[in-house]
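This report refers to the structure that appears directly beneath it.
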Amino acid sequence: MSALWRRLPTLSLAAYYWLFVLFLFVPLFAIVVFAFNASPIPTLPIHALSMQWFTRAFDDAELTGALLRSAAIGAATGLAATALGIMASIGLSARRLRLRAVVVAVILLPLVVPYISLAVGMLIVLQELSLELSLWAVFIGHVVIALPFAVLVVFPRLRSLDPAMVEAARDLGAGEIAAFNLVTLPLLVPSLISSFLICFITSFDEFAIASFLAPPGQPTYPVFLYAGSRTPGLLPELIAIGSLIIVFSIVVVVVAEGGRRYIERRLVGEVEA
Amino acid sequence: MVTLRLRVGRGVFIVPPLVVVLLVLIGPVILLSLYSLNLRTNIPFAPTGLSYDNWQDFLRGPGNPFRNRFVYSMEFTLVVSIATTVAAYPLAYYLAFHARRFRYTLLLLLIVPFFTSYLLRVVAWSDVMLNENGVVNQVLWAIGVQPRGVGVGWLLYSNFSIFLVLFYSWIPFVALPIFAVLENMDRSLIEAARDLGAGPLGAFARVTFPLSLPGVISAFVFVLIPTTGEFITPLYVGGPYNQLFGNEIQAFFGNSPNWNYGAVLAISLIAVVLVLTLLFGRFLNTDLREGVATA
Amino acid sequence: MPRPGIDRRTFLAGTAGVFGLGIGGIGLLEACGSTSSVASVSPSPRPPLAQEPGALSILEWGGYEAGGTKAQTSGLQAGTTYTTKYGANGITYTYITNDDQALQKATSAGPFDLMHPCNENTKDYVDRGLVQPWDTSLLPSFSQLNPGLVKAGQVNGKQYMIPWDWGYGSLLYRTDKIDAADATGWELAWNSKYSGKISLWNGASTNFEIAALKLGFPHMDNLSSDQLSQAKAALIQQKPLNKLYWDSEYNQEQPNFQSGTVWVTYAWQDSLVSMTQAGLKAAFLDPSQGRLSWFCGFMLGAKTQNYYHAHEYVESFINHDACAQMTNLFYYGTSNTTVQPSEIKDQTLAAALDLGNPQAITSGKNHLQSWAPNRSALELAWQEVTAS
């Protein structure tokens, strides 16, 4: 009895934790389940299962178009923001940097700028420059808001690298750039992949900037999702696609984390979880 | 070791990203300021000229509804931030102190939902869980708490629904900084407290919790700052009376051609967020302050 | 080089101090308008139809999508002659929530090839340089259109709007839920007995017209600032009685009415038809203060690259068959005079709505929604209503 009493804190905390996990996963689970619901209205009980919403979703040119647009912009954002993030990290790793505090503040500024204000501000910029709405504007906006994440992921990793390895490469005759390419960059790969993923997700899921700057007829997925969730006819297809996205992102996160631990173990000899 | 060939240090690499950020952020801010002062306008051929009217009206106009909504929005944000932080603490504590062996895996389990699309999670609540025939109502009908066919009115398009969805979205993220601090805490301090006679609760109250405060405040700020500008969740699950300040801005630029007034709101939001960041920024543990000590 | 920016600034500096708002607008229009139309409409011969891109971007009301497109789900067949000839896939629709939002979208989210605003906005579209005149010789059915409506679609003698549809706006209500004694006028929307069962349109300036009628102001589109404050107060008072302000007729207004979620909704007469067909006992209020009336039409984008396609699109809407089918579907009036009363299926309803007589919109107790000189004040006031 006293053993139970002693374990009460652990048990109650564990219960709290697991209840929360349940709370977190139930809506996701619901989406996945309802994706197979034969009825066009997502309600219980589910009488029949069907894959029809998946086929209809992939036949829906507007839906697939929006997905492709978001994926393309997301991938481009991931690459561009990661590249800029690498540059920023190298810059920040300099021993002496003028106005370091200011530079850091500016680089991290997009983290705190409310996206809605940035979005309407960019809309005004386009209007004043007599530019039409375009996906390029969306891309540029996304790169800027994703950049801080890239820096926050890559810089700590860069900073934690053992400088001896780069020194060794230099001693063996490599130039600065070659040393970077052959030694530093490969060691950074796990963080680069993380950075790409985070930037991709940030862009793929971004609504504010996309809703104001995407041209009519070329919505990104979040914009399409908003319009579609107001349209009862589109809801089942959106749920079907949504279930795919949810499952895919869970798989990617788990695999990335597992892969990262594996690579860490191989590279560094210990798991830096 | 200094390379004589390179006059310019590594620091020069910061320039391209810096320029990109400055260009993209400065233009909008400057133009928003000009618009808010009526120095430019989006209506072609409409007259412009320096005018503080919109600012006066927003800041000092009696009973200005946009200012009221701003206050409501900030109150709401505070409530969400505090509730999320308080609710996340036991989760982080459990992982740091009680789930020794698998804590990182359990942490991953907690974080994973955060990496699924935020919008999809909101849609899950608005169209699958909380709606008239949704899962929550169905469960309530099944248990018998609610007469069948009659949904609970305040489940959707209410303060409750906005709070719930925001709370749901932020919990995984908020647990992280608290976990990080608790995880790295020097356990010997707690042991010392116990050795000196403190009970488990006493040790917690006097040692663990105070030492974890930086993480707690960090978590609080992590939620506070983005939520001030939140407008997506109220769009999906909010009713006409629950719209947050971000929605007002969106309405001005989406539904009404009055960009000059909307610019006042947009700038105010930026200003508030900047002030909050300056006040609480030191608690955001982003250690980019030191460079790398290499040759 | 941003052309409007430099020209505008010079002109504004010179004229801002001299002219007031309205006069200044017209003066600038005459000075800048020709410049902008020259710059945006190529003076050299347009590419022939075959060389146009062909993908039309249209700013349109929900339900008016061309027949044959995937988006058209309300049964309209107008536009079918276009989509059968040129295909339905190239047409993109951006939806209008209300006329103020449409004008904003046309200004900042454009350029659109075609826009379908209502008459009170014609002047603003022209003033802002968003549209160019139609070449009516390219529209075979143009001669069949009602001369009064055609004239009203002209600005400075040029045909900027091709009128198409006209009708009324009023409150649609459930006759089995609403006391007949309450259904006397616009004040029905303010009746707290039906709190939570009312749904006004997210209609910005339209709601101010409604409030003006309810309060008995003589000129609903020209409110003094004092009248505007009173109208605003009335709308703020009405706000809690709404279930919601509907944005979309087909996604919100009709489904909510049909499911019984609301019993009183602002609507156009087509909802009366849809709802009675769905088996509901509904009526279209004839308020003591008079109904709102409107007419709308097509406008051609100033920067369109699909000049000839746009004309063909409009022709596919204004021809006799398209108009007759539209009237039989929505029971809106049409601008095409060759549509005979005998072609309308429900003669009683057609007579009640006076569909054979486009002049009805300006006669009797009907109040035609017209251009408001203080539009921006109205819109700001509406924002304040929604924010309170």
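Quick note on labels: first sequence line is chain A, next is B, and so on, each numbered from 1. Side-chain atoms are counted along with the backbone in the values below, which use heavy atoms only and exclude waters and symmetry mates.
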| Non-hydrogen side-chain atoms of A/W53 and A/L235 separated by less than 4.5 Å | no
| request: Flag the pair A/I198 / A/L152 as yes when at least one side-chain heavy-atom distance between them is below 4.5 Å, and no otherwise. | output: no
| Do A/F54 and A/F58 have ring centres separated by under 6.0 Å? | no
| message | Non-hydrogen contacts under 4.5 angstrom with chain C: give the residues of residues 23-39 of chain A involved, or none if there are none. | response | none
| For A/Q52, does the CD atom sit with more than 12 other heavy atoms under 6.0 Å from it, leaving out its own atoms? | yes
| message | Could you check whether any side-chain heavy atom of C/Y245 comes within less than 4.5 Å of a side-chain heavy atom of C/V385, counting everything from C-beta outward? | response | yes
| message | A side-chain contact here means heavy atoms from C-beta on lying under 4.5 Å apart; do A/T82 and A/F149 qualify? | response | no
| said: Please verify the inter-ring angle class for C/Y313 with C/F298; under 30° counts as parallel, over 60° as perpendicular, anything in between as tilted. | reply: perpendicular
| task | Report the relative orientation of the aromatic rings in C/W61 and C/W201; use parallel for angles under 30°, tilted for 30 to 60°, perpendicular for over 60°. | result | tilted
| Going by residue number, which parts of residues 215-228 of chain A are within reach of chain C, meaning a heavy-atom gap below 4.5 Å? | A/P216, A/G217
| Which bit of C/S108 is near chain A, if near means a heavy-atom gap under 4.5 Å: side chain, backbone, both or neither? | both
| Residues in residues 62-80 of chain C that sit under 4.5 Å from chain A, counting heavy atoms only | C/K70
| Any C/K243 side-chain heavy atom under 4.5 Å of C/N256 side chain | no
| Residues which pass ring pair (Phe, Tyr, Trp, His ring centres under 6.0 Å) with C/H311, listed by chain and number, not counting sequence neighbours | C/W134, C/Y307
| said: Between C/E312 and C/Y86, does the side-chain hydrogen bond (donor to acceptor under 3.5 Å, both in side chains) criterion hold? Intermediate values first, please. | reply: CA-CA 10 Å; C/E312 300 247 341; C/Y86 298 103; 2.9 Å; yes
| task | Report yes if some heavy atom in the side chain of A/F200 is under 4.5 Å from a heavy atom in the side chain of A/T77; otherwise report no. | result | no
| query | Would you say C/I58 and C/F112 make side-chain contact, with heavy atoms under 4.5 Å? | reply | no
| task | Under 4.5 Å heavy-atom distance to chain A, tell me which part of C/Y93 shows up: side chain, backbone, both or neither. | result | neither
| request: Would you please indicate if the ring centroids of C/F257 and C/W246 are separated by under 6.0 Å? | output: no
